2 protein chains.
Amino acid sequence: MSVELVEPALERALNKAVADVERTLDHLLPKPVDLEARVIEAMRYAIFAGGKRLRPFLVLQTARLFGVGEESALRVAAALEAIHTYSLVHDDLPCMDDDDLRRGQPTVHRKFDEATAVLAGDALLTFAFEVIAHEETHADPRVRCDLVAAIARASGAHGMVGGQMIDLDAEERAVGLDLNGITRLQQLKTGALIAFGCEAGGILGKAAEPARLSLKAYAHDVGLAFQIADDLIDVEGDAALAGKAVGKDAAAGKATFVSILGIDRARQQARMLADQAKAHLDHFDDRADLLRLLADYVVERKS
Amino acid sequence: MSVELVEPALERALNKAVADVERTLDHLLPKPVDLEARVIEAMRYAIFAGGKRLRPFLVLQTARLFGVGEESALRVAAALEAIHTYSLVHDDLPCMDDDDLRRGQPTVHRKFDEATAVLAGDALLTFAFEVIAHEETHADPRVRCDLVAAIARASGAHGMVGGQMIDLDAEERAVGLDLNGITRLQQLKTGALIAFGCEAGGILGKAAEPARLSLKAYAHDVGLAFQIADDLIDVEGDAALAGKAVGKDAAAGKATFVSILGIDRARQQARMLADQAKAHLDHFDDRADLLRLLADYVVERKS
């Protein structure tokens, strides 16, 4: 993880979250045994390839606001990371973005093969639901059902998968997108899982409606700021720092926030969204400080 | 649906289940609206392509044994069919079985494109969990969590996906399978979802342990009998009747129950399993009659 421009307190918390979430995933994921070992090796390869674990971090931090037990929060965080990882594995496939590298390592279909990558993604998605439904995630089964329903909505046809569909249509079938279209694309493709990360704490902690709405608003603004920052990294970024190819969107002639707004307005917009996100946290005490720092980090990061 | 050799009572019940499950799916599936409409069109294309709906039928019939409400059973039946359908969509992909036709119609990646097929499968899997977790599936959230956990186990790395992995390893990497290997392959690839279909009624109806174990044993035998019959259809079947290419296993040099046991012993084995399956239903009254007829149908069908 490259963590320039990150506050030391946030850096420590992000690093601790990475370690905690990876330990939890290692414990929860199936072991590569029996005749079907290969697909489990691929699941583990995909999920332990690194990453900032930002979505799990949101679960852990929002859970903390409501005094949720760490074990509960970590299980939901692990499930969310499994879904994010499955989406990357499928997104990297030759029929989708056709990427050979992710975080400097061969993508799953390059390291294994395409069929194994399809299956490993399928199994990671399925695994997430198995983890959430388990009684160790929360003593109250109603809370577990609410989590299953919310993460399914965020991931499905009117969530992340829908966002990927819009993205593909725009690229492959030249379906033109205006600013509203790009916004919907991104709210589904990356925003929905980020929003679930922020929603999860409130579900686990049975938070009151006003607190949930504040976090929803925070998630909305952080999610969009995150995507605009991603688009800026693609235009201005350094491939070595970003750990992935840059300049891809422009090469593909893709409409992005930056291509529509221009670099300066996009940067202003991201900055404004980060400030707005922090304002939504006003009625939380200093337990929300890391979420405040995260809003700044999301727009200032270089990778 | 081609239903020769099927008892009139079973035929009526199967046809009613098809209609009821399809109506439920049409009601529950998202509508093809908004920018992401294409993936929803593909989900609907895949799921309304026909099919015997045997797995949903098992849910409906086992639920009936315990007086479960029809709405509950139909929702779980629809979710199970969504998972079965997603597995077919991904299995048909060029990197997997590379099939152009299913039930005489273009497969999803031929009708749409590969990326849309990957996404439609992903969305169908996700949809299944959203449906089960919803409170309309059962008033008791513990029951809903048990269903989510059970269907996830049946579908995941040590379930259906694991079975597909073993199948691919055997085909692509010439991992040799003996009778035990073939049995594990089939118990995971097709047996696990069939077993869930039989388990679902007991979970919904909070059935006592002995009844659940009887149904589990029934599912085990019916599942294997179903697969042996499939292998026999592939060797002896008529492509027009079967609605799919036959002779594929032999052409691929695949080890199957028939290649290992021979046609006669395979047929005897299927017959024996069907009888054994029926014997497991002995402590149920005549409400289990359709499940008894189904055991015979599974081994006598031509498609």
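Everything numeric here is computed off the predicted structure, so don't read it as measured data.
Taking the six-membered ring for Trp and thresholds of 30 and 60 degrees, A:H90 and B:H90 have ring planes more than 60 degrees apart, a perpendicular arrangement.
With chain B as the partner, the residue from A:G181, A:S155, A:G159, A:A157 showing the most heavy-atom pairs under 4.5 Å is A:A157. Heavy-atom pairs under 4.5 Å with chain A were tallied for B:I132, B:V118, B:L124; the largest tally goes to B:V118.
Within the 4.5 angstrom heavy-atom criterion, only backbone atoms of A:K31 (N, CA, C, O) approach chain B. Neither the backbone nor the side chain of B:F127 has a heavy atom closer than 4.5 Å to any heavy atom of chain A. When heavy atoms are compared at a cutoff of 4.5 Å, A:R184 approaches chain B solely by way of its side chain, counted from C-beta outward. For a residue to count as touching a neighbouring chain, one of its non-hydrogen atoms must lie under 4.5 Å from one of that chain's; by this rule A:H134 does not touch chain B. Interface remark: B:D122 contributes backbone and side-chain atoms alike to the contact with chain A (heavy atom separation under 4.5 Å). Only the side chain of B:D113 comes within contact range of chain A, with heavy atoms under 4.5 Å apart. Heavy atoms closer than 4.5 Å to chain B are found in both the backbone and the side chain of A:L119.
Under the 4.5 Å side-chain criterion, counting only non-hydrogen atoms from C-beta, B:T116 is not in contact with A:L168. For the pair A:H158 and B:V33, the minimum side-chain heavy-atom distance is below 4.5 Å.
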For A:L188 and B:L35, what are the C-alpha separation, side-chain angles and deciding distance, and is it a side chain to side chain contact (heavy atoms under 4.5 Å, CB included)?
CA-CA 11 Å; A:L188 297 186; B:L35 290 168; over 6 Å; no
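No more than 12 heavy atoms of other residues, nucleotides or ligands shown are found within 6.0 angstrom of NZ on B:K111.
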